[in-house]
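In this chain, numbering begins with 1 at the start of the sequence shown. Because only heavy atoms are used, hydrogens play no part in the values below, and waters and symmetry mates are left out as well, while side chains stay in.
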Amino acid sequence: MTNNVSMDAQETAHELECLPYSVQHQNEGVCLLVRMGPHRILLDFGLANILPVTKDLTKSPQCAIHSTPADLVIVSHAHSDHARGLFALHQAFPALPVYASEVTTKLLPLNWKEAELGNIPSFCQALPLRSPIEIKENLIVELFPAGHLPGAVAILLTYHTPNRDYKLLYTGDFFLSNSRLVEGLRLDELRGLNLDVLLIEGSYGTSRHPHRRNQENQLAERIHRAISSRGLGENSSIILPSPALGIGQELIMLLRSHHHFTGRDLDIWVDGEVATGCDAYLEILNHLPASVQNFARHQSLFWDERVKPRVRRLKPENLATLGTSPCIVIADYCADLRKYVQPNSGNWLILVPEKTNILNNQQYLAPVKSESYLLAQHSDGPGTTQLIHNLRPQHVIFVHGSPSYLADLTCLEELQNRYHVHSPGAGTLVELPIGEKFLQPAAPETNYGGELTELGTVITITLPDTLTTDPRWRQFADTGLIAARWQGEDLVLRGLSPRELLNSNSLRPHAADVDCCGNCLHQRGQRCCNSAAPLYNFKVTLDGYCPAFERLT
């Protein structure tokens with residue numbers, strides 16, 4: 001039920017349609033056009049170029065169907081991949097109404113350099129949370145907190161007709177778990193909506209993540225070991241590249257409140273747009289969780305040179321002495337990280353979030369290594385399916401994710417058997433018939449049959465070459481080496497990346513007399529298998545050490 005045509009170029013009897021201008025999360029951002037009866041609603045505008053939504057309006061007045069690309073715009077949250085093009089859209093169509101939550105209206109200007117000069121008018125109108133508002137005739141909008149980022153909302157649209165109400169929910173970016181500065185999306189607020197359509201993000205596909213607190217503890221432990229030189233000859237300073245809003249502020253709160261760092265004589269330097277984002281958070285303090293507001297009553301939320309660890313804004317004059325003693329630098333994603341790594345400043349460890357494209361093949365003036373970490377800002381696969389099963393819509397449309405991850409979700413049998421599931425590409429119109437007979441298209445093949453052969457001490461697994469057509473194969477097979485582990489009754493295979501091999505080779509001790517995880521009896525595939533150890537069942541680095549160490553003989 002999909003057609004590669006413009007929504008405006010086709011008259012249809014269906015009450016609901018969706019035309020994604022962009023569904024990805026890396027370069028072009030997210031932008032969706034929804035039609036509910038006569039109303040056209042743009043959900044988010046992460047496009048850097050407004051041409052895709054205006055090309056049909058550049059024709060002569062006689063040919064143009066509409067004078068604006070939509071009747072209104074609603075923004076889910078202030079991240080650039082959902083909002084970067086709003087100012088350009090406003091300049092082109094000043095009369096086009098733009099709506100968001102109150103917090104989002106305050107954070108949006110961080111997306112545009114013009115805001116620093118005070119050249120941006122306040123064009124985004126604030127809507128209250130959990131309050132249905134008739135924004136157009138027979139079109140009602142209601143916003144629900146979605147987790148992920150302060151001010152982020154799920155958008156419920158209800159179109160009223162004499163025969164029935166049509167309901168569509170757009171999740172934006174959502175997170176079911178509580179994080180340090182944002183409470184998670186509450187399922188109890190959304191149950192019983194009797195939805196027709198659910199537009200939902202699929203950033204992590206079907207991946208399964210540890211609990212959020214476990215993720216935080218693993219990251220804190222890694223930073224603690226790096227700056228404490230446990231098992232190493234020298235300690236390291238840390239660089240944490242982050243976006244202006246979200247994870248950078250979460251990291252500061254983690255470092256200020258985790259037992260590894262409270263009271264520790266340590267400097268946390270914050271630079272660039274992340275520092276500007278911290279200032280913006282202070283302006284919305286009364287919208288943050290009660291626990292955060294209580295914390296702020298006793299000490300400063302971010303900038304604090306009195307309480308250890310100290311959190312300071314990095315200034316140019318600080319660069320010369322950076323790293324002379326172990327410190328942590330929280331910098332912009334787009335920053336040239338070489339400016340922080342000064343000569344004779346000791347070792348540096350760059351920690352980047354998983355699945356983040358940050359180029360780190362530069363030449364530094366001091367020893368540098370790079371690792372990734374998981375501190376999820378979106379719900380994983382089980383969280384995504386949990387939300388879908390709680391809402392039970394007729395149609396599920398997956399957006400915001402790599403095509404491979406969205407295909408994994410679309411092909412889940414538990415979803416295919418219950419819902420009409422879509423994963424449209426950009427420019428593909430999706431018609432959403434409600435209560436009509438719907439023929440679900442065949443799901444693409446995601447399971448691959450193979451053969452297993454045991455030959456003495458070697459096991460050979462043979463798989464079909466159709467696997468190589470998946471874009472993920474190149475990354476999986478990059479080094480030609482795999483790691484295998486049991487997950488219940490299933491054996492899970494994972495390709496080893498060049499970064500893992502380099503880190504493994506550089507960290508594995510050459511001397512057998514060094515007490516570290518690399519020479520420990522209980523280390524299996526870089527995981528601790530000693531139930532008496534503090535890192536039991538966690539992934540460990542080969543240079544690590546704990547009191548439960550037993551030498552491998």
Side-chain angles (χ1 to χ4, degrees), residues 6-8 15-22 29-58 61 64-112 114-115 119-146 151-160 166-172 197 199:
S6 166
M7 181 183 293
D8 292 335
E15 297 288 355
L16 304 180
E17 292 178 339
C18 176
L19 175 63
Y21 286 113
S22 176
V30 177
C31 181
L32 311 167
L33 180 63
V34 167
R35 188 180 70 80
M36 303 185 75
H39 304 295
R40 298 169 303 128
I41 307 103
L42 271 175
L43 298 173
D44 285 338
F45 203 86
L47 300 174
N49 188 337
I50 69 171
L51 181 61
V53 301
T54 61
K55 59 184 180 182
D56 290 331
L57 306 177
T58 58
I65 301 175
H66 299 289
S67 59
T68 59
D71 301 320
L72 67 151
V73 184
I74 308 178
V75 186
S76 66
H77 65 289
H79 274 154
S80 62
D81 58 336
H82 291 255
R84 67 165 63 92
L86 277 175
F87 182 49
L89 184 69
H90 170 71
Q91 288 178 309
F93 304 97
L96 180 62
V98 180
Y99 301 95
S101 69
E102 181 180 352
V103 172
T104 297
T105 62
K106 296 179 179 180
L107 298 179
L108 276 176
L110 273 69
N111 287 287
W112 309 299
E114 296 88 345
N119 294 334
I120 294 186
S122 179
F123 62 86
C124 186
Q125 304 175 51
L127 295 177
L129 301 177
R130 306 180 181 94
S131 298
I133 294 176
E134 188 171 6
I135 208 162
K136 294 282 185 181
E137 185 178 1
N138 294 324
L139 180 66
I140 300 165
V141 61
E142 187 172 4
L143 306 183
F144 296 92
V153 293
I155 302 165
L156 175 65
L157 296 171
T158 303
Y159 171 53
H160 177 71
Y166 294 89
K167 293 187 177 182
L168 178 148
L169 181 75
Y170 171 50
T171 64
V197 179
L199 277 164

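Side chain of R84 to main chain of G46: a donor-acceptor pair is present (N/O by atom type, distance under 3.5 Å, no hydrogens or angles). Judged purely by atom type and a 3.5 angstrom limit, D44 has no side-chain atom pairing as donor or acceptor with the backbone of L32.
In this structure, OG in S122 is found 10.5 Å from NZ in K106, a value given to the nearest 0.5 Å. The structure places CG of L156 at 12.5 Å from OG1 of T171, a figure rounded to the nearest 0.5 Å. Atom CG of L129 is separated from atom CZ of F144 by 9.5 Å, given to the nearest 0.5 angstrom.
No side-chain heavy atom of V153 sits under 4.5 Å from any side-chain heavy atom of L127. In this structure, the side chains of L89 and V73 come closer than 4.5 Å at one or more pairs of heavy atoms. With contacts defined as side-chain heavy-atom distances shorter than 4.5 Å, the pair I41/L168 does not qualify. Counting heavy atoms from C-beta outward, N111 and F87 have side chains that stay 4.5 Å or more apart. Within the 4.5 Å cutoff, no side-chain heavy atoms of L33 are placed close to those of V53.
Within the structure, salt bridge (charged side-chain N to carboxylate O under 4.0 Å, His left out) pairs that include any residue of residues 87-99 do not occur (at least two apart or interchain).
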Determine whether T68 and R40 satisfy the following criterion, side chain to side chain contact (heavy atoms under 4.5 Å, CB included), listing intermediate values before the conclusion.
CA-CA 10 Å; T68 59; R40 298 169 303 128; 3.8 Å; yes

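Between L47 and S22 the shortest heavy-atom distance is CD2-CB, 3.6 Å. The shortest heavy-atom contact between Q125 and P97 is NE2-CB, 4.0 Å. Closest approach of L72 to K136, counting heavy atoms only: CD2-CG, 4.2 Å.
The aromatic rings of F123 and H90 sit parallel to each other, their planes meeting at less than 30°, with 60° as the upper class boundary. Taking the six-membered ring where the residue is Trp, H79 and H77 present perpendicular rings, their angle passing 60° and hence far from 30°.
With sequence neighbours left out, the side chain to side chain contact (heavy atoms under 4.5 Å, CB included) criterion links A126 to E102, T105. Annotation: side chain to side chain contact (heavy atoms under 4.5 Å, CB included) contacts of P38 (sequence neighbours excluded): Y159.
Evaluated for a side-chain contact (heavy atoms from CB on, under 4.5 Å) with L199, the options I155, L169, V34, L157 yield exactly one hit, V34.
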